[in-house]
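Excluded from the calculations below are hydrogen atoms, water molecules and symmetry mates; all remaining heavy atoms, backbone and side chain alike, are included.
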Protein chains: 2
Amino acid sequence: MQDAFIDALVQSAFQVTSVLTRIGAENDLSLTQLRVLGILRDRRPRVTELAAHLGLEKSSVSGLVDRAEQRGLMAREKNSEDRRAVDVFLTPAGRELAVRLFSEVRTALGPTLGALGTERQIRLIELLEPTLDV
Amino acid sequence: MQDAFIDALVQSAFQVTSVLTRIGAENDLSLTQLRVLGILRDRRPRVTELAAHLGLEKSSVSGLVDRAEQRGLMAREKNSEDRRAVDVFLTPAGRELAVRLFSEVRTALGPTLGALGTERQIRLIELLEPTLDV
DNA sequence: TATTGTTATACTCTATAACTATA
DNA sequence: TATAGTTATAGAGTATAACAATA
C-alpha cells in the first residue's frame, strides 16, 4: 500500500517532468534553464542563492547564467551592498519568454489534469500541501 | 485556482525528483541511470524500447548502457528472434543495487508523506491515478 | 581569514549524422 | 529498402579544485 502510493507519486513526478522537459526542448531550454526562468520571475537572487535553490554548485550556475546571458534572457549586476556578490535577473526578453512558456505549461498540464474536475483539484492540493515544505 | 493546482503539482514533482537525484548521486548514479535501474527491475527491453520509455534517442541509451555495463550493473544479449535487436537486463549486482536503492527511496519519501496518514494516501492515489495514463 | 564568484578541467548526458548488420 | 544498434562528434550540464576580489 505504502509502495503503491510512492510509485504513484514518482510516476506522477516523471510525467510532469516530461511535460516540462518537452516544452523546454521546443524552445532550446534544458529543464534547469526552465526552472531558472521560473525562479527569476519574482526574484533577483545572487548566484549563491540561486545555486542553493537549484541544489547545484555555484560554478554550475555560473555556466548556466553565462549561456542564458549570451542568449539575452538573463543579466548580471554587481550587488551594491556586498560588492563580492552578483545579482541575477531576467531581461525583458527573458521575462516575455517566461510568461509565454509558463502559459504553455498550464495549457499542457491543465487539460490532462483538468479532467479531475475542480472539486478533485481542490482536494488534491489539500493532500499535496503537507509535502510542499521544502 | 487552476494555477495554484499546477504550481503545487510542479513543486511536488521537483521535490520528488530532488530526493531521487540525491539518492542517485550518493551512489554515483544519475537520475536517468536510477530510472533505468527501476525500469529493468521487471523488464528485459531491447534498446529501442528502453529509449522510448525514457524519451531518449537510441544512441543516448547506447552510452547509458555502456557505462552501466562497465560498472557491472547491466548486461546486453542479442535477441534470438531478431538478431538485429539487443536485450538489456540487470546483472545480479545491478538487481541488488536496485533493491537497495528503491528501499532507500521508500525510506526517504515514506516519512515525509507518511505524515499524510493512510486514509489520505488512499485518496491521493485515487486522485493521481487519472494522471498516470502515459 | 572567510566568502563570493569565475575559470580550468574532466566526465556524464544528450542529439544528430554516418555507419554496419540484419530483416 | 527499412530497422536495430553502435560510433563519432559536438554542446550542455555538472562537480571539484584553484583562483581573484571583497568582506
Could you report the tightest heavy-atom contact between A/E69 and A/R76, atom names first, then the distance? OE1-NH1, 2.5 Å
Could you check whether B/R43 pairs with B/E49 (Lys NZ or Arg NE/NH1/NH2 to Asp/Glu carboxylate O, under 4.0 Å)? no
Here the distance between atom P of C/dG5 and atom CG of A/N79, to the nearest Å, is 9 Å
B/L50 atom CG is separated from D/dT6 atom P, nearest whole Å, by 11 Å
Kindly say if B/R67 contacts the phosphate of C/dC11, meaning a side-chain N or O under 4.0 Å from OP1 or OP2. no
What protein N or O atoms touch nucleotides 19-23 of chain D N or O atoms at under 3.5 angstrom, if any, and at what distances?
| from | atom 1 | to | atom 2 | distance (Å) |
| --- | --- | --- | --- | --- |
| D/dA23 | OP1 | A/R83 | N | 3.0 |

Between B/P45 and B/L40, which heavy-atom pair has the shortest distance, and what is it? CD-CD2, 3.4 Å
Would you say the side chains of B/N27 and B/R100 form a donor-acceptor pair under 3.5 Å? yes
Measure the distance from CD on B/E57 to C1' on D/dT9 and round it to the nearest whole Å. 15 Å
Which nucleotide in D/dG5, C/dC13, C/dG5 has an atom nearest any side-chain atom of A/K58: C/dG5
Heavy-atom closest pair (A/A98 atom, A/L90 atom, distance to 0.1 Å) is CB-CD1, 4.3 Å
Taking only side-chain nitrogens and oxygens of B/S59, does any of them come within less than 4.0 Å of OP1 or OP2 of C/dA15? no
Give a yes/no on whether any side-chain N or O of B/R76 is located under 4.0 angstrom from OP1 or OP2 of D/dT6. yes
OP1 or OP2 of D/dG5 under 4.0 Å from side-chain N/O of B/T48: yes
Going by atom types only, do B/H53 and B/R35 share a side-chain donor-acceptor pair under 3.5 Å? no
Just to confirm, is there a sub-4.0 Å distance from OP1 or OP2 of C/dT14 to any side-chain nitrogen or oxygen of B/T32? yes
A/Q70 has an atom CD; how far is it from atom P of C/dT6, in whole Å? 13 Å
Closest non-hydrogen contact found for A/L64 with A/Q33 is O-NE2, 3.6 Å
Integer-rounded Å distance: C/dC13 C1' and B/L31 CG: 12 Å
Give a yes/no on whether any side-chain N or O of A/S60 is located under 4.0 angstrom from OP1 or OP2 of D/dT14. no
So which nucleotide from C/dC13, D/dT14, C/dT7 ends up closest to the side chain of A/S62? C/dT7
